[in-house]
Student: 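Before I ask anything, here is the structure I am working with.
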Amino acid sequence: MPVKDIRIRPSHLALLPGSRFLLVSGRTFRNETEGPWASNAVVFTSSGTPEAEFCVGDDIPALVTDVHGGIWTAYGDEGIYGDHPESGAGLAGWDTQGQTSWTPKGRLPDHPLEGCTAATENEQVWLVWYSASRGGTFLTRITPSTGDVASFRSPIPAPDGFAVRGNRAVLTRRDHNKRSVELIRAELNGTTWAVTSRRRLRVPGRVVMHCGQGRDGSLWLRTGNTWVRIAA
């Protein structure tokens, strides 16, 4: 589908119900200290026409949308230590009108420093991030309908791709500027994710930063101009 007159520099593409889709720039700004933040998210109709635009925070390395059209973001250090209020919390949920629908409210094991990747499975959302003071990477599972939040230590540090199906997960770490990734499989044993296998995977193109997104048990990984689907 050709999309014309895009006024932002897109960093993220995500699907929405009704064959709509979302384009988001990872950065935003404001011209004055107390002025409004510039829009960095645009909702498009199924025909590629802009439907709504708004701001979803600053410095977004990870973003995913859920089955009901909710938008979930994990922020980088420039956003967390910047002036945007929702970015400062490290993780956030949004609706398609740009209103905040979820914030951590002290329910994380530590304050995030950097978002890594994100995934969905059925009604649940997973945001992957690492902290500063505790020096670890965490997989946080959010159930939007109930507000339940559970965080687990990641079996590997700072993955850039993640997908989950039941108690199984697949994680990837890119090789900088190379056409390969490290592919890690893990299982959840009670409250602990444990690695079950590792291997090097050759892919069609170079894997860039912030290119992995998990949806219902499949990791979609952008490698050059190709999307690779890896089942959990």
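The analysis underlying the following values was restricted to heavy atoms, covering all of them including side chains, and did not include hydrogens, waters or symmetry mates.
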Student: What's the verdict on side-chain contact (heavy atoms from CB on, under 4.5 Å) for T140 and L108, showing C-alpha distance, side-chain angles and the deciding distance?
Tutor: CA-CA 8 Å; T140 291; L108 302 178; 3.9 Å; yes
Student: Could you give me the CA-CA distance, side-chain angles and deciding distance for V67 and N122, then say whether side-chain contact (heavy atoms from CB on, under 4.5 Å) is met?
Tutor: CA-CA 7 Å; V67 293; N122 299 322; over 6 Å; no
Student: Are more than 12 heavy atoms, taken from residues, nucleotides or ligands other than R222, located less than 6.0 Å from that residue's CZ atom?
Tutor: no
Student: Between OG of S87 and CG of D77, what distance do you get to the nearest 0.5 Å?
Tutor: 11.5 Å
Student: Indicate yes or no for a side-chain donor-acceptor contact from S154 to the backbone of I156 under 3.5 Å, with no hydrogens or angles considered.
Tutor: yes
Student: To the nearest 0.5 Å, how far apart are CG in L221 and OG1 in T172?
Tutor: 5.0 Å
Student: So, taking the atom named OH in Y81 and the one named CG in L113, what distance separates them when rounded to the nearest 0.5 Å?
Tutor: 5.5 Å
Student: I'd like to know if R200 pairs up with D175 as an ion pair, taking the criterion as any Lys NZ or Arg NE/NH1/NH2 lying under 4.0 Å from an Asp or Glu carboxylate oxygen.
Tutor: yes
Student: Just so I know, are the side chains of F152 and W126 near enough to count as touching, which here means a heavy-atom distance under 4.5 Å?
Tutor: yes
Student: Can you tell me if H210 uses its side chain to pair, donor with acceptor, with the backbone of L63 under 3.5 Å?
Tutor: no
Student: Looking only at non-hydrogen atoms, find the nearest pair between G217 and A163 and report the distance.
Tutor: C-CB, 4.1 Å
Student: Side-chain donor-acceptor pair under 3.5 Å between S145 and T143, yes or no?
Tutor: no
Student: Can a donor-acceptor pair be found between the side chains of E86 and T100 at a distance below 3.5 Å?
Tutor: yes
Student: Looking at L127 and A118, what are the two nearest heavy atoms and their distance?
Tutor: CD2-CB, 3.7 Å
Student: Does R153 reach the side chain of T192, with side-chain heavy atoms less than 4.5 Å apart?
Tutor: no
Student: What heavy-atom pair brings V56 and N40 nearest, and what distance separates the two atoms?
Tutor: N-OD1, 3.0 Å
Student: Is there side-chain contact between S131 and P112, with at least one heavy-atom pair below 4.5 Å?
Tutor: no
Student: Please list every donor-acceptor pair under 3.5 Å in which a side-chain atom of residues 3-16 meets a protein atom from a residue at least two apart or in another chain.
Tutor:
residue	atom	partner	partner atom	Å
R7	NH2	E53	OE1	2.5
S11	OG	G26	N	3.0
H12	NE2	I60	O	2.7

Student: Say whether V164 and V170 are linked into one hydrophobic cluster, either directly or through other cluster members, by side-chain heavy-atom distances under 4.5 angstrom.
Tutor: no
Student: Work out which heavy atom in F162 is nearest to a heavy atom in L219; give both atom names and the distance.
Tutor: N-CD1, 3.5 Å
Student: Would you compute the distance between atom OG1 of T146 and atom CD of Q124 and round it to the nearest 0.5 angstrom?
Tutor: 8.0 Å
Student: Determine yes or no for a side-chain-to-main-chain donor-acceptor pair under 3.5 angstrom, with R107 supplying the side chain and G147 the backbone.
Tutor: yes
Student: Under 6.0 Å from the CG atom of N177, do we count more than 12 heavy atoms belonging to anything else shown?
Tutor: yes
Student: Answer with yes or no whether the hydrophobic clustering places W94 together with I142; edges join I, L, V, M, F, W, Y residues whose side-chain heavy atoms lie under 4.5 Å apart.
Tutor: no
Student: Less than 4.5 Å apart, side chain to side chain, heavy atoms only: is that true for Y130 and D110?
Tutor: no
Student: With the threshold set at 4.0 Å, does a side-chain nitrogen-carboxylate oxygen contact exist between E121 and R165?
Tutor: no
Student: Salt bridge or not for D160 and R173, using N-O below 4.0 Å?
Tutor: no
Student: Mind checking the CG-CH2 spacing from L171 to W193? Nearest 0.5 Å is all I need.
Tutor: 8.0 Å
Student: Quick one, E182 with R199, criterion side-chain contact (heavy atoms from CB on, under 4.5 Å). Give me CA distance, side-chain angles, the key distance, then yes/no.
Tutor: CA-CA 6 Å; E182 183 182 16; R199 70 184 179 99; over 6 Å; no
Student: Testing the 3.5 Å rule here: is there a donor-acceptor pair between the side chains of D66 and T120?
Tutor: no
Student: Ring centroids only, cut at 6.0 angstrom: are W72 and W102 within range, meaning strictly under it?
Tutor: yes
Student: In the single-linkage hydrophobic clustering (I, L, V, M, F, W, Y; side-chain heavy atoms under 4.5 Å), do V42 and W37 co-cluster?
Tutor: no
Student: Does this structure show an ion pair linking E78 with R27, if we count only N-O contacts that are shorter than 4.0 Å?
Tutor: yes
Student: Distance check, rounded to the nearest 0.5 Å: F44 atom CZ versus S19 atom OG?
Tutor: 15.0 Å
Student: Specify the closest pair of heavy atoms between A62 and C116, including all atoms of both residues, with the distance to one decimal.
Tutor: CB-C, 4.0 Å
Student: Side chains of I80 and D59, heavy atoms from C-beta outward: is any pair under 4.5 Å?
Tutor: no
Student: Do you know which two heavy atoms are closest between V228 and P204, and how far apart they sit?
Tutor: CG2-CD, 3.6 Å
Student: For the residue pair R168 and R185, establish whether any side-chain heavy-atom pair is separated by less than 4.5 Å.
Tutor: no
Student: Just by modelled atom types, is the T28 backbone N or O under 3.5 Å from a matching donor or acceptor in the D58 side chain?
Tutor: yes
Student: Evaluate side-chain contact (heavy atoms from CB on, under 4.5 Å) for R215 paired with T65, printing each intermediate quantity in order.
Tutor: CA-CA 9 Å; R215 283 192 171 273; T65 49; 2.4 Å; yes
Student: Compare all side-chain heavy atoms of V128 with those of T137 and state whether any distance is below 4.5 angstrom.
Tutor: yes
Student: Less than 4.5 Å apart, any side-chain heavy atom of M1 and any of F21?
Tutor: yes
